[in-house]
Amino acid sequence: MNGLTLSRKYYEAYGKPMLAKFPQLEKEFAVGLVGRGSECFGFDDEISRDHDFGPSFCIWLRREIYEQYAGEVQAAYDAMPREFMGFSGRNMEESGTGRVGVLCIEDFYYGILGMDHVPVSYQEWLALQDENLATATNGEVFEDRLGVFTGIREGLLSYYPEDVRIKKIVARMARAARAGQYNYARAMFRGERVAAELFLHEFIKEVMSLVYLLNKKYAPFTKWLHKGMKTLPTCAEIADMINLFYQIQEPEAAWAQITSKDATFLNTNDGRVLIIEAICNIIVQVLQEQGLSTVEDNFLQSHLRSVTERIQDGAIRNMQYLDGGAL
């Protein structure tokens, strides 16, 4: 049983009867499991259960009600049975405190996003990190009697404004092209294996983030970037292609006999280069399918201008290619 299912069952068995003892809060709370932690993404497993796992859920109250009733409701929450369906009480590390129990709606969102509202400007949207938005919108809301918590959640789940999404796509493409299609080969030419590995890993992370943007879904934090890709409807095959990078042994051998120092030389003897180009080819096809580019070129850098021209807002359109918010 994963953490989300356990949380819902625990709430139905003990949380709902407990909250019924507070009739003054009948229309004032939201309940669910959302936020930091693998169980909130539905990716938890037996390995995850060594910390911050166990029967628990969140009770969200708006600030005015929280300040008045939080202590009393938290005491009732703490008095519920700790063991449930064979699982012991939540084993929290110091860094895991404050994730469940009675929470203030405004503080919950501010603690994750740095704001307690749905962004109202392009600048606010661009300042947010994908993984924080994924964290603020994951999990499940079991019920919301007031609608405030869900209202913010739905506003965030409506996804980035299209101009912001396109700008972030441009930034990811620029970084992926620079790292994988340009600097990886230059580092291998020079025999700088460590640098080459760093560029390859940068390419992989930028591409994974790009795939989420093409699917209009927020990318989770690094641990679950790759696993989460497999559930996406567009470019899911790239997840399997990324696995192939780590099956290639001794890539230096593919560069040992290369005498050309031309940075544009495509060394197809290196299987990693072939995988990079195959991944970029899929991305180009999706860009064209989504009407973001009409350029016929496998080099992602060649598409930056075409994609940028789809941005309607002049201020965002005129930003530097690499300026598209942090991963």
Side-chain angles (χ1 to χ4, degrees), residues 166-215 219 222 225-226 229 234-290 292-310 319-327:
I166 295 174
K167 184 66 197 76
K168 285 179 173 284
I169 286 173
V170 169
R172 304 297 186 267
M173 288 169 55
R175 294 171 186 161
R178 182 184 61 179
Q181 293 182 289
Y182 182 77
N183 277 322
Y184 171 76
R186 293 171 74 88
M188 292 299 287
F189 270 131
R190 294 187 175 109
E192 294 286 346
R193 178 67 185 277
V194 172
E197 294 297 322
L198 290 173
F199 286 127
L200 178 63
H201 294 153
E202 181 181 347
F203 170 79
I204 291 171
K205 191 167 185 179
E206 295 290 344
V207 162
M208 288 194 290
S209 176
L210 175 55
V211 167
Y212 281 90
L213 285 162
L214 293 172
N215 280 274
T222 303
L225 262 177
H226 185 251
M229 284 178 65
T234 300
C235 300
E237 67 270 31
I238 290 179
D240 292 330
M241 296 169 73
I242 287 172
N243 287 331
L244 299 177
F245 282 122
Y246 303 99
Q247 297 177 18
I248 295 174
Q249 304 295 320
E250 304 301 329
E252 295 98 333
W255 299 86
Q257 304 302 318
I258 302 298
T259 58
S260 170
K261 300 303 179 184
D262 182 358
T264 64
F265 175 75
L266 195 65
N267 184 6
T268 56
N269 293 322
D270 185 346
R272 289 179 167 185
V273 170
L274 293 176
I275 298 168
I276 288 171
E277 293 303 313
I279 288 173
C280 291
N281 182 260
I282 293 173
I283 291 171
V284 168
Q285 292 179 41
V286 175
L287 291 174
Q288 294 171 341
E289 290 170 1
Q290 295 190 7
L292 296 176
S293 180
T294 57
V295 175
E296 296 293 340
D297 192 326
N298 211 54
F299 189 31
L300 295 183
Q301 185 83 18
S302 301
H303 295 262
L304 300 182
R305 180 181 297 276
S306 178
V307 178
T308 299
E309 288 175 351
R310 270 61 178 178
M319 292 172 65
Q320 292 294 319
Y321 288 146
L322 293 173
D323 294 338
L327 285 175

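For clarity, every value in this text was computed on a predicted model and none was experimentally measured.
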Open item on the list: E252: which residues meet the salt bridge (Lys or Arg N to Asp or Glu O under 4.0 Å) condition with it, sequence neighbours left out?
Closed with: R193
Task: Chi angles and distances behind the side-chain contact (heavy atoms from CB on, under 4.5 Å) call for V295, V284 - done: CA-CA 9 Å; V295 175; V284 168; over 6 Å; no
Task: Nearest heavy-atom neighbours spanning I276 and Q181 - done: CG2-CG, 3.8 Å
Open item on the list: Under a 3.5 Å distance rule, please check whether N267 uses its side chain to pair with a backbone N or O of A254 as donor and acceptor.
Closed with: yes
TODO: Consider only side-chain N and O atoms of E277 and N281, and report whether a donor and an acceptor are under 3.5 Å apart.
DONE: no
TODO: May I ask you to decide if the ring planes of Y246 and H201 are parallel, tilted or perpendicular, using 30° and 60° as cut-offs?
DONE: parallel
Open item on the list: Using only atom types and a distance under 3.5 Å, with no angle test, would you say the side chain of N215 pairs donor to acceptor with the backbone of T234?
Closed with: yes
Task: Test item: I204 and H226 side chains (from C-beta on) under 4.5 Å apart, heavy atoms - done: no
TODO: Go through the steps for R178 and E202 under the test side-chain contact (heavy atoms from CB on, under 4.5 Å), then give the verdict.
DONE: CA-CA 9 Å; R178 182 184 61 179; E202 181 181 347; 3.4 Å; yes
Task: Given R175, M173, R305, the one that forms side-chain contact (heavy atoms from CB on, under 4.5 Å) with Y321 - done: R305
Task: Heavy-atom check, side chain of V273 versus side chain of M188, under 4.5 Å - done: no
Open item on the list: For the CD atom of E206 and the CE atom of M208, what is their distance to the nearest 0.5 Å?
Closed with: 9.5 Å
Open item on the list: If I take atom CH2 from residue W255 and atom CG from residue D270, how far apart are they, to the nearest 0.5 angstrom?
Closed with: 5.5 Å
Open item on the list: I want to check something: taking the side chain as every heavy atom from C-beta on, are I242 and I279 in contact at a cut-off of under 4.5 Å?
Closed with: yes
- [ ] Would you please test L210 and I169 for side-chain contact (heavy atoms from CB on, under 4.5 Å) and show each step?
- [x] CA-CA 6 Å; L210 175 55; I169 286 173; 3.7 Å; yes
TODO: Take I283 and H303 through the test side-chain contact (heavy atoms from CB on, under 4.5 Å) and record every step on the way to the result.
DONE: CA-CA 11 Å; I283 291 171; H303 295 262; over 6 Å; no
Open item on the list: A side-chain contact here means heavy atoms from C-beta on lying under 4.5 Å apart; do P251 and F245 qualify?
Closed with: no
Task: V170 to L304 - nearest heavy-atom pair and separation - done: O-CD2, 3.7 Å
Open item on the list: On a heavy-atom basis, which atom in S306 and which in S293 lie closest, and how many Å separate them?
Closed with: OG-CA, 3.3 Å
Task: Over all atoms of both residues, closest heavy-atom pair of K167 and D323 - done: NZ-O, 2.8 Å
Task: Distance (rounded to the nearest 0.5 Å) between Y212 OH and R172 CZ - done: 13.0 Å
Open item on the list: Using 0.5 Å steps for rounding, measure from the OG1 atom of T294 to the CG atom of L292.
Closed with: 10.5 Å
- [ ] To the nearest 0.5 Å, tell me how far E192 CD sits from R186 CZ.
- [x] 12.5 Å
- [ ] List the atom of V207, the atom of I238, and the distance in Å for their closest heavy-atom pair.
- [x] CG1-CG2, 4.0 Å
Open item on the list: Let me confirm one number: the CD1-SG distance from I282 to C235, rounded to the nearest 0.5 Å.
Closed with: 6.5 Å
Task: For A177 against F299, the heavy-atom pair lying closest together - done: CB-CE1, 3.9 Å
